[in-house]
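Values in this document were obtained by computation on a predicted structure and should not be read as measured data. Every chain is numbered from 1, with letters handed out A, B, ... down the list of sequences. The analysis underlying the following values was restricted to heavy atoms, covering all of them including side chains, and did not include hydrogens, waters or symmetry mates.
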Number of protein chains: 2
Amino acid sequence: MTDDGPTGDDLVEMLAALANPLRLRIIAALAGGRDYVSHLAREIGVSRPLLHMHLRRLEAAGLIVGSLELSPDGKAMKYYEVTGFDLRVNASVLAEAAKTLTRPDPDQGPGPKEHS
Amino acid sequence: MTDDGPTGDDLVEMLAALANPLRLRIIAALAGGRDYVSHLAREIGVSRPLLHMHLRRLEAAGLIVGSLELSPDGKAMKYYEVTGFDLRVNASVLAEAAKTLTRPDPDQGPGPKEHS
DNA sequence: TACATATGTAAGCTTCTTGTTACACGAGGA
DNA sequence: TCCTCGTGTAACAAGAAGCTTACATATGTA
């Protein structure tokens with residue numbers, strides 16, 4: 001129990017953000033260096049609005065971060081880069097994370113649950 | 001490169017299977033020991049058909065395995081248990097897995113892709 | 001026979017996700 | 001002024017995912 005890891009809800013959000021081929025490709029592209037939106041869209045071969053949506057999802061999960069900067073010629077460019085996330089995913093880690101789940105609990109009352 | 005890990009498509013399927021609170025709870029319950037469907041449904045507090053669907057998804061991803069057995073009184077019981085999966089999830093692992101993605105590729109021709 | 005247990009599955013509905021097209025704004029260069 | 005390049009976002013269509021209710025089957029027991 002040296003590494004407590006993320007909350008159950010946070011973990012679900014991260015996993016959901018990564019469970020998509022296009023977003024995996026975005027991570028792969030950013031792993032080779034930071035890039036701005038329009039260039040990244042051309043690189044991967046998707047439309048900007050679509051990439052924008054996926055970037056928001058990845059950033060909301062804390063897997064990438066974006067910073068709005070100004071290029072030498074004055075244009076506003078939004079650069080994204082990967083954060084230093086490193087997850088371990090196995091049964092015990094998931095069981096630990098599941099304890100802190102709050103979302104779709106059919107009856108999450110504080111009452112004691114009988115064991116079968 | 002000691003551990004090549006799963007294919008990109010397989011990884012996406014695993015992550016998608018885990019990116020769900022209810023399925024996370026199923027994994028957590030099975031991490032404490034194998035169980036059969038009806039009992040597991042009561043334990044977690046969901047309907048059997050719903051649990052059945054999630055179990056299929058988890059089994060398709062290779063995270064759990066089920067075996068149909070007969071109880072001492074002759075009833076058919078399907079027991080599920082977790083497999084020994086243990087994933088490492090970070091930017092370089094994902095970048096490596098993204099190379100083997102086949103699914104939603106806008107133009108996945110074998111031709112060389114020019115670098116910007 | 002009737003009831004309890006176990007299994008699986010099909011139909012239908014609702015919500016989320018994915019992707020497109022179109023629009024709006026700002027700044028530099030011809 | 002007009003064009004190009006950058007940003008963001010709203011509206012809409014199509015598909016997948018999640019969940020419920022209902023049905024069908026098999027076996028042991030009262």
Side-chain angles (χ1 to χ4, degrees), chain A residues 9 12-26 34-61 64-80 101 103-108 116, chain B residues 9 12-27 34-61 63-80 101 103-108 116:
Chain A
D9 297 347
V12 169
E13 191 176 10
M14 289 188 204
L15 293 172
L18 294 174
N20 180 285
L22 185 48
R23 287 196 287 268
L24 224 62
R25 208 162 311 182
I26 293 171
R34 64 205 298 267
D35 200 357
Y36 64 98
V37 182
S38 290
H39 183 255
L40 186 57
R42 287 191 293 266
E43 197 76 12
I44 302 182
V46 294
S47 65
R48 275 190 307 105
L50 181 58
L51 179 61
H52 186 261
M53 185 186 60
H54 287 297
L55 288 174
R56 281 186 59 182
R57 204 153 156 69
L58 286 170
E59 189 174 30
I64 64 173
V65 280
S67 63
L68 190 62
E69 305 175 9
L70 285 100
S71 67
D73 58 339
K75 293 215 180 87
M77 328 267 285
K78 186 144 195 185
Y79 278 86
Y80 279 96
L101 279 175
R103 283 210 283 205
D105 222 334
D107 49 5
Q108 61 169 350
S116 155
Chain B
D9 296 347
V12 169
E13 192 176 9
M14 290 189 203
L15 293 172
L18 294 174
N20 179 283
L22 184 49
R23 287 197 287 268
L24 224 62
R25 208 162 312 180
I26 293 172
I27 294 282
R34 63 204 297 268
D35 200 355
Y36 64 97
V37 182
S38 290
H39 183 253
L40 186 57
R42 286 190 293 267
E43 198 75 13
I44 302 182
V46 294
S47 66
R48 276 186 304 105
L50 181 57
L51 178 62
H52 186 260
M53 184 185 59
H54 287 296
L55 288 174
R56 281 185 58 180
R57 205 154 155 69
L58 286 170
E59 190 174 29
L63 301 169
I64 64 174
V65 280
S67 63
L68 189 62
E69 304 176 9
L70 284 100
S71 68
D73 59 338
K75 292 212 180 90
M77 328 265 286
K78 186 144 195 187
Y79 279 85
Y80 279 97
L101 279 175
R103 257 114 51 150
D105 220 334
D107 48 7
Q108 62 169 350
S116 157

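We find that CG of B/Asp73 is positioned 12 Å from P of D/dA30, with the value rounded to whole Å. The interatomic distance linking A/Leu70 (CG) with C/dG26 (C1') rounds to 11 Å, in whole Å. Between A/Arg56 atom CZ and C/dT18 atom C1' there is a gap of 14 Å when expressed in whole angstrom units. Here the C1' atom of nucleotide C/dT17 and the CG atom of A/Leu50 are 11 Å apart, to the nearest Å. Between A/Leu51 atom CG and C/dT18 atom P the separation is 13 Å, expressed in whole Å. The CE atom of A/Met53 sits 10 Å away from the C1' atom of C/dT20 (whole-angstrom rounding). One interatomic measurement links the two molecules: CG of B/Leu58 to C1' of D/dA17, which rounds to 14 Å at whole-angstrom precision. Rounded to an integer number of Å, the gap from A/His52 NE2 to D/dA10 P is 10 Å.
Between B/Asn20 and B/Leu24, the closest side-chain pair of non-hydrogen atoms is not below 4.5 Å. Side-chain contact between A/Tyr80 and A/Leu40 is absent, with no heavy-atom pair separated by less than 4.5 Å. Side-chain contact between B/Leu22 and B/Ile44: present, with at least one pair of heavy atoms (C-beta onward) separated by less than 4.5 Å.
A close approach under 4.0 Å does not occur between any side-chain nitrogen or oxygen of A/Asn20 and OP1 or OP2 of C/dT17. In this structure, A/Ser38 does not reach the D/dC5 phosphate: none of its side-chain N or O atoms is under 4.0 Å from OP1 or OP2. Neither OP1 nor OP2 of D/dC19 sits under 4.0 Å from any side-chain N or O of B/Arg23. The phosphate of C/dG19 (OP1 or OP2) has no side-chain N or O of A/Arg57 nearer than 4.0 angstrom. Checking the phosphate oxygens (OP1, OP2) of C/dG19, a side-chain nitrogen or oxygen of A/His54 falls inside 4.0 Å. Using a 4.0 Å cut-off, no side-chain N or O of A/Tyr36 falls inside it from OP1 or OP2 of D/dT7. OP1 and OP2 of C/dT9 both lie 4.0 Å or more from every side-chain N or O belonging to B/Arg48.
Among the heavy atoms of the strands lying under 4.0 Å from A/Lys78 are primed sugar atoms or P, OP1, OP2 only; no base atom is included.
For the pair A/Lys75 and A/Ala16, nearest-nucleotide mapping onto DNA chain C gives the more 5' position to A/Ala16. The 5' end of DNA chain C is approached more closely, in terms of each residue's nearest nucleotide, by B/Ala76 than by the other of B/Ala76 and A/Pro49.
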**Prompt:** For B/Glu69 and B/Arg34, what are the C-alpha separation, side-chain angles and deciding distance, and is it a salt bridge (Lys or Arg N to Asp or Glu O under 4.0 Å)?
**Reply:** CA-CA 12 Å; B/Glu69 304 176 9; B/Arg34 63 204 297 268; 2.7 Å; yes

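Scanning all heavy atoms of the two residues, the minimum distance from A/Leu51 to A/Ala41 falls at CD2-N, 3.4 Å.
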